[in-house]
J.: 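Before anything else, here's the structure in question.
First the proteins, then the strands, lettered A, B, ... as listed; each starts at 1.
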Amino acid sequence: MVARQLLGHWLVHESPEGVTAGRIVEAEAYLGPNDPASHAYRRTPRSRPMWGPPGYAYVYFTYGNHYCINVVTESEGVAGAVLIRALEPVAGLPLMRRRRGVEREELLCSGPGRLTQAMGITGAHNGVDLCAPPLYIARGGLLPGEQVASSGRIGVVRAAGWPWRFFVAGNPHVSRGPKEAVR
DNA sequence: TGAGTGATTGACT
DNA sequence: GTCAATCACTCAT
């Protein structure tokens, strides 16, 4: 599963204010029409990138306050994406702190809405190519299999029990959902 | 045309 | 532990 492979890679954003980067420590898979919890379950103009070619970003705005970023993983014409839920900050921490307004490193990127704010990602990045600057994914070191845990998805009502959430076990930057993670 | 819901976070009791 | 903020989109008049 692609969500599993995404862990350990870096998400890099080269913005005019400076470069920020983080290691992906938590990701969640969403499919298309077969997944009741996915935005692709009901097609919307905003989520159109989910049907696009793989390697592109799908950024959406939710709850009136927060952005979330997805990586499109399926081929063109097939809906499918991986939601990036948490990052471990590795570069541009001062800039992240300024954008987030918090000092603690664990609070900078430990959540979907938090990491987009820390990285400076907005709706303007919807549909951009993640294989080229200014916003892209870089290959990170391989992750030992025993460090990767999975659990049911967080924050969704439908199909929440599907074990499509992957995260780095014991990493302090992983978000804690309303439900306790089932290792 | 209007009410309800949501892949969330942060502030307040 | 509870609740508000606030926007895109769906569903019901």
J.: Any chance the side chains of A:Gln117 and A:Arg100 put a donor and an acceptor closer than 3.5 Å?
T.: yes

J.: Does a side-chain N or O from A:Arg165 land closer than 4.0 Å to OP1 or OP2 of B:dA7, or not?
T.: no

J.: Rounded to the nearest Å, what distance is computed from the OH atom of residue A:Tyr67 to the P atom of nucleotide B:dT9?
T.: 15 Å

J.: Tell me: CE of A:Met50 to P of B:dA7, nearest whole Å?
T.: 12 Å

J.: Starting at CZ of A:Arg99 and ending at C1' of B:dT9, how long is that distance when rounded to a whole Å?
T.: 18 Å

J.: If I compare all heavy atoms of A:Asn34 with all of A:Trp162, which pair ends up nearest, and what's the gap?
T.: O-CH2, 3.7 Å

J.: Given 3.5 Å as the limit, does a donor-acceptor pair link the side chain of A:Arg165 with the main chain of A:Glu28, or not?
T.: no

J.: Considering all heavy atoms of both residues, which atom of A:Ala27 and which atom of A:Leu7 are nearest to each other, and what is their separation?
T.: N-CD2, 4.0 Å

J.: Can you tell me the distance, in whole Å, between the CG atom of A:Leu115 and the C1' atom of B:dT9?
T.: 13 Å

J.: Might you point out which heavy atoms bring A:Ala169 and A:Ala149 nearest each other, and give the distance in Å?
T.: CB-CB, 4.3 Å

J.: Contact between A:Ser150 and A:Phe166 at the side-chain level, heavy atoms closer than 4.5 Å - yes or no?
T.: yes

J.: Determine whether more than 12 heavy atoms belonging to other residues, nucleotides or ligands lie under 6.0 Å from atom CZ of A:Phe61.
T.: yes

J.: Polar pairs (N or O, both sides) under 3.5 Å between protein and nucleotides 10-13 of chain B?
T.:
residue: B:dG10; atom: OP1; partner: A:Arg100; partner atom: NH1; Å: 2.9
residue: B:dG10; atom: OP1; partner: A:Arg100; partner atom: NH2; Å: 3.1
residue: B:dG10; atom: OP2; partner: A:Arg114; partner atom: NE; Å: 2.9
residue: B:dG10; atom: OP2; partner: A:Arg114; partner atom: NH2; Å: 2.9

J.: Just the rounded figure in Å: distance from P of B:dT5 to OH of A:Tyr60.
T.: 18 Å

J.: Need the pair for C:dT6. Rule: Watson-Crick or G-U wobble, both distances under 3.5 Å, any strand; none if unpaired.
T.: none

J.: For each nucleotide in nucleotides 6-13 of chain C, reading 5' to 3', give B when a protein heavy atom comes within less than 4.0 Å of its base, S when such contact involves only the sugar-phosphate, and - otherwise.
T.: BBSSSS--

J.: Between A:Pro112 and A:Val157, which residue's closest nucleotide on DNA chain B lies nearer the 5′ terminus?
T.: A:Val157

J.: Can you see whether A:His39 engages A:Tyr58 through a side-chain donor-acceptor pair at a distance of less than 3.5 angstrom?
T.: yes

J.: What is the minimum heavy-atom distance between A:Met96 and A:Pro89, and which atoms define it?
T.: SD-CB, 3.9 Å

J.: Taking the P atom in each of B:dT5 and C:dC3, what is the distance between them to the nearest angstrom?
T.: 16 Å

J.: Could you tell me which nucleotide pairs with B:dA7 by Watson-Crick or G-U wobble geometry, both distances under 3.5 Å, or answer none if nothing does?
T.: none

